[in-house]
Amino acid sequence: MSLSEAKAADSHGEKAVERKSVYVYEAPVRIWHWVNAFCILALALTGYFIGSPLPTVPGEASANFLMGYIRFTHFAAGQILAVFLLLRIYWAFVGNSHARQIFYVPFWRGSFWREWLHEVKWYAFLTAKPKKYIGHNPLAQSAMFVMLTLPLIFMVITGFALYSEGAGRDSWEYVLFGWVFTLFPNSQDVHTLHHLGMWVIIIFVMVHIYVAVREDIMSRQSIISSMISGERMFKDEDD
Ligand code: HEM
Ligand code: HEM
C-alpha cells in the first residue's frame, strides 16, 4: 500500500500523516559527537580533581592509587579526544556541507547575521515561529564554533603541552607542543588557561543540552534523534 493510500484508508477513521525527513548528519559526525561528549564528561570530571586534588591518605601507596587512576583516565580520554578531533577535521573536508558548519562562521554574509538575530529572538521567546534548517541554525553554528571547536583545539594544544612537562624534552609531545611555553613561560599560566577552557566548554554543554531538548519540543522538527539516526524529520504539513 502506498503512503497516500494508507492516509486515505485508515481503518479507525484517523488520518495517517506523511512526514518528510532529510539525511543530515553522516555516521562519522554522529560517532564523533557521542565519543566526544563522553570524552568531555570524563575529562571535566577528572580535570576538576587534577586541579583540586583529593587529600593524601595514609597507608600503602599501591592501595591508594585513586589520583593515579584519575590522572590516567584524563590522559587516556585526552588522547582519544585528540584523535577523534583529527578524524572530525578530516571529515569536514570529505563529508557533506553540514559536516563543515562547526568549523567556520560566514562572518561577512549579511543574511547570516539577520537569521542569527531571528534565532536569538526565537530562543528568547520573543518570536512565535521558528525558521527550519536542515543542518545547524546560524546561532548554533556560531556558538559551536566559538564555544566548542576553538576551545577544543585550545585544550588539545595546552593539554599536550602540559603533558610534555612530565614526558620530557625529547618527547614527541614537547617537539609538537613545547612552543606553548614560549608564549607562556610560566607553566601555571598554561594550567590556569587549560582550567578556564574547561569552564567555557561546561557552559557550552549546559546551554547545548537545554536548547537541544527545548528545540525538540518546540520547533516541530526532530532534533535529538537527528544526532542518533542522522535524519531530520519535519513535522508540519507546510515544511
Ligand atoms: C575538554 C577537554 C579537557 C578538559 C575539560 C580538561 C580539563 C583539565 C583541568 C581542569 C585540569 C586541571 C588544571 C589545573 O587546575 O591545574 C587539567 C589538567 C591537565 N590536562 Fe586536561 N582537559 C582537557 C583536555 C586535555 C587533553 C586533550 C590533554 C592531553 C593529553 C590534557 C592533559 C592534561 C594535563 C597533562 C594536565 C596537567 C596535569 C598535572 O597538573 O599534572 N587535557 N585538564
Ligand atoms: C559534552 C557534551 C556535548 C558536546 C561537547 C556536544 C557538542 C556538539 C556539537 C559540536 C555538535 C555539532 C555536531 C557537528 O556538526 O559535528 C552537536 C550537535 C548536537 N548535539 Fe551535542 N554535544 C554534547 C552533548 C549532547 C547531549 C547530551 C545531547 C542530547 C541531549 C546532544 C544533542 C545534540 C543534538 C541534537 C545535536 C544536533 C543539533 C541539530 O539538530 O542541529 N548533545 N553537539
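This chain uses plain numbering: 1 for the first residue, then up along the sequence. Atoms within each ligand, like the ligands themselves, are counted from 1 in listed order.
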S.K.: Hey, is ligand 2 close enough to N36 that some N/O pair sits below 3.5 Å?
M.R.: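 By distance alone, the answer is no.
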S.K.: The criterion is ring-ring contact (aromatic ring centres under 6.0 Å, His included); which residues satisfy it with F65, sequence neighbours excluded?
M.R.: Y69
S.K.: I'd like to check the ring-ring contact (aromatic ring centres under 6.0 Å, His included) partners of Y133; sequence neighbours left out, ordered by chain and number.
M.R.: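 Testing Y133 for ring-ring contact (aromatic ring centres under 6.0 Å, His included), a comparison that skips the adjacent residues, returns none.
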S.K.: Based purely on interatomic distance, does R71 place a nitrogen or oxygen under 3.5 Å from a nitrogen or oxygen of ligand 1?
M.R.: yes
S.K.: Keeping to distances under 2.8 Å, can you name the protein N/O/S atoms close to atom 21 (Fe) of ligand 2?
M.R.: H33 NE2, H208 NE2
S.K.: Do H136 and H98 make a side-chain contact, defined as non-hydrogen atoms from C-beta onward lying under 4.5 Å apart?
M.R.: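 H136 vs H98: side chains apart.
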S.K.: For ligand 2, find out whether one of its N or O atoms is nearer than 3.5 Å to an N or O atom of W32.
M.R.: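 No, W32 has no N/O under 3.5 Å of an N/O on ligand 2.
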S.K.: Taking non-hydrogen atoms only, is I223 closer than 4.0 angstrom to ligand 2 via side chain, backbone, both or neither?
M.R.: both
S.K.: Flag yes if more than 12 heavy atoms outside F38 fall under 6.0 Å of its CZ atom; otherwise flag no.
M.R.: no
S.K.: Are any of the N/O atoms in H195 less than 3.5 Å from those in ligand 1?
M.R.: yes
S.K.: Measure the distance from atom 10 (C) of ligand 2 to every protein heavy atom, then report the residue, atom name and distance (to 0.1 Å) of the closest one.
M.R.: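 Among all protein heavy atoms, the one nearest atom 10 (C) of ligand 2 is L148 CD2, 3.3 Å.
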S.K.: Identify the protein heavy atom lying closest to atom 11 (C) of ligand 2, giving its residue, its atom name and the separation to 0.1 Å.
M.R.: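 Among all protein heavy atoms, the one nearest atom 11 (C) of ligand 2 is M144 CE, 3.6 Å.
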S.K.: Might you confirm whether atom CH2 of W116 has over 12 heavy atoms from other residues, nucleotides or ligands at distances under 6.0 Å?
M.R.: no
S.K.: Compute the shortest N/O to N/O distance between Y163 and ligand 1 and return yes if it is under 3.5 Å, no if not.
M.R.: no
S.K.: Based purely on interatomic distance, does H98 place a nitrogen or oxygen under 3.5 Å from a nitrogen or oxygen of ligand 2?
M.R.: no
S.K.: To the nearest 0.1 Å, how far is atom 40 (O) of ligand 2 from its closest protein heavy atom, and which atom is that?
M.R.: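 Atom 40 (O) of ligand 2 sits closest to the protein heavy atom R232 NH1, 2.7 Å.
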S.K.: Where on I201 is there a heavy atom closer than 4.0 Å to ligand 1, on the side chain, on the backbone, on both, or on neither?
M.R.: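 The side chain, only.
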S.K.: Closer than 2.8 Å to atom 21 (Fe) of ligand 1, what protein N/O/S atoms do you find?
M.R.: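 Near atom 21 (Fe) of ligand 1, the protein supplies H74 NE2, H194 NE2.
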S.K.: May I ask you to test the L87-W91 pair for a side-chain heavy-atom distance under 4.5 Å?
M.R.: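 They are not in side-chain contact.
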S.K.: Identify the closest protein heavy atom to atom 29 (C) of ligand 2: which residue and atom is it, and at what distance?
M.R.: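 Result: W34 CH2, 3.9 Å.
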